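Report on one structure; see the data block that follows.
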Amino acid sequence: MAKINNEVSGNRNIVVNGDKNTVIGFGGEMPTPTEIYRLLDAFVRLDISTDEEYELKSPAELNEKLIFNRAVKHISLFEYYADVYTSIDKVLSSEFQESEDVDLKLKRLYLQNDKVSVSVDGNIVVENGDLVLADLNDSLISSIKGDPNLNTGTFEISQEKIEVFVIGLLMRGISMCKVLQTPDGEEVQL
């Protein structure tokens, strides 16, 4: 009888394992560390002011923050692309000089987003985080794609890799408390 190799080959295809049909997969093509670096560089070159202080505070757990901000549609999406966030974080912490600029630009984009509601006293009102994140996602994709230095010569980054990168970048912004509101001890509800 021939032996069947049931290992995941690492080519990011969908795989069905066992009798219970557990689906394991990765929807998009993962950008390489070099592509992540170039995409981060394209993001940093965007004309977004970073003239505010870098604020350090303890981050809320990602899913808790998504629930608090009514962005529950993004929970499974972010879980699915968690390795992209890990790769971006690795490049930012080891090779990319302007990691603080990345975080400040994400915060500025969030604060300037038309979908973010602000009360009369100037405080951000938590409403539809899914709508805010979807709008930020679209805005980031078009801004990064529009960078004339991104795809030059023989170096091309696909639309799919840009989209996957932006999901990871949004995760970075949420994790670093630059995108969405932090619960700050308030009860988290769906």
Side-chain angles (χ1 to χ4, degrees), residues 12 26-66 68-69 71 74-75 77-113 115-116 124 129 132-153 155-184:
R12 304 216 186 270
F26 185 92
E29 192 178 351
M30 175 75 160
T32 66
T34 301
E35 291 168 330
I36 289 172
Y37 187 93
R38 289 192 59 137
L39 289 163
L40 286 168
D41 193 47
F43 177 68
V44 168
R45 281 194 306 271
L46 294 177
D47 187 24
I48 302 167
S49 171
T50 58
D51 61 353
E52 55 192 82
E53 284 192 34
Y54 190 87
E55 183 181 339
L56 294 175
K57 60 166 115 170
S58 298
E61 195 265 320
L62 185 67
N63 287 352
E64 179 184 359
K65 201 171 194 181
L66 291 169
F68 177 78
N69 283 275
H74 283 80
I75 291 173
L77 178 72
F78 287 168
E79 287 173 355
Y80 199 61
Y81 290 103
D83 53 345
V84 178
Y85 167 71
T86 304
S87 295
I88 290 172
D89 196 50
K90 192 180 295 183
V91 170
L92 281 169
S93 63
S94 65
E95 344 175 349
F96 199 77
Q97 301 287 323
E98 296 90 5
S99 63
E100 191 174 301
D101 284 351
V102 169
D103 296 336
L104 291 174
K105 285 180 185 250
L106 284 168
K107 183 175 184 177
R108 179 62 60 121
L109 282 174
Y110 169 68
L111 294 174
Q112 292 175 339
N113 187 283
K115 306 293 187 237
V116 174
I124 293 177
V132 171
L133 291 174
D135 194 61
L136 282 171
N137 182 74
D138 294 345
S139 173
L140 282 165
I141 288 171
S142 25
S143 296
I144 291 171
K145 276 178 53 180
D147 180 9
N149 300 317
L150 183 61
N151 287 326
T152 57
F155 194 86
E156 288 280 326
I157 300 176
S158 69
Q159 168 79 18
E160 186 178 35
K161 286 184 178 183
I162 293 171
E163 290 170 3
V164 169
F165 168 78
V166 166
I167 292 168
L169 193 60
L170 286 173
M171 291 172 70
R172 164 77 182 195
I174 294 166
S175 296
M176 299 301 290
C177 299
K178 304 304 175 195
V179 174
L180 297 181
Q181 296 304 104
T182 303
D184 291 332

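What you see below is based on every heavy atom in this structure, not just the backbone, and it leaves out hydrogens, waters and symmetry mates. Not measured: the values here are computed from a predicted model.
K65 NZ to H74 NE2: the interatomic distance, rounded to the nearest 0.5 Å, is 14.0 Å. With rounding to the nearest 0.5 angstrom, the OG atom of S99 is 9.5 Å from the CG atom of L40. Here CD of Q159 is found 6.0 Å from CD1 of I141. Values are rounded to the nearest 0.5 Å. Residue L170 holds its CG atom at 7.0 Å from CG of L106, rounded to the nearest 0.5 Å. Residue I144 holds its CD1 atom at 9.5 Å from CD1 of I157, rounded to the nearest 0.5 Å. A distance of 6.0 Å separates CG of L39 from CD1 of I162, quoted to the nearest 0.5 Å.
Among all heavy-atom pairs drawn from C177 and T182, the shortest one is SG-OG1, 3.8 Å. Across all their heavy atoms, G129 and L180 have their closest contact at CA-CD2, 4.3 Å. Taking both residues in full, the closest heavy atoms of V102 and F43 are given as O-CE2, 3.4 Å, listed atom of the first, atom of the second, then distance. Closest heavy-atom contact between I174 and L133: CD1-CD2, 3.9 Å. Heavy-atom minimum distance, G168 versus I88: C-CD1, 3.5 Å. Closest approach of E35 to M30, counting heavy atoms only: OE1-O, 4.4 Å.
Heavy-atom contacts from other residues, nucleotides or ligands closer than 6.0 Å to CD of E156 number more than 12.
In terms of modelled atom types and a separation under 3.5 Å, the side chain of R172 and the main chain of Y85 share no donor-acceptor contact. Formation of a donor-acceptor pair under 3.5 Å by the N69 side chain with backbone atoms of A71 is not found in this model. Of the possible polar contacts, one joining the E61 side chain to the E64 backbone as a donor-acceptor pair under 3.5 Å is found. Between the side chain of K105 and the backbone N or O of V44 there is at least one donor-acceptor pair closer than 3.5 Å. In this structure, S139 contributes its side chain and D135 its backbone to no donor-acceptor pair below 3.5 Å.
You'll find the side chain of L62 reaches within 4.5 Å of the side chain of S175, heavy atoms only. You'll find the side chain of V116 reaches within 4.5 Å of the side chain of N113, heavy atoms only. Between L111 and I124 there is a side-chain heavy-atom pair separated by less than 4.5 Å.
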Might you work through the side chain to side chain contact (heavy atoms under 4.5 Å, CB included) test for I167 and V84, ending with a clear yes or no? CA-CA 8 Å; I167 292 168; V84 178; 6.0 Å; no
Determine, step by step, whether K178 and Y110 satisfy the side chain to side chain contact (heavy atoms under 4.5 Å, CB included) criterion, reporting the C-alpha distance in whole Å, the side-chain angles of both residues, the deciding distance to 0.1 Å, and the verdict. CA-CA 8 Å; K178 304 304 175 195; Y110 169 68; over 6 Å; no
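In summary, the side chains of N137 and E163 do not present any donor paired with an acceptor at a separation below 3.5 Å, with no hydrogens or angles considered.
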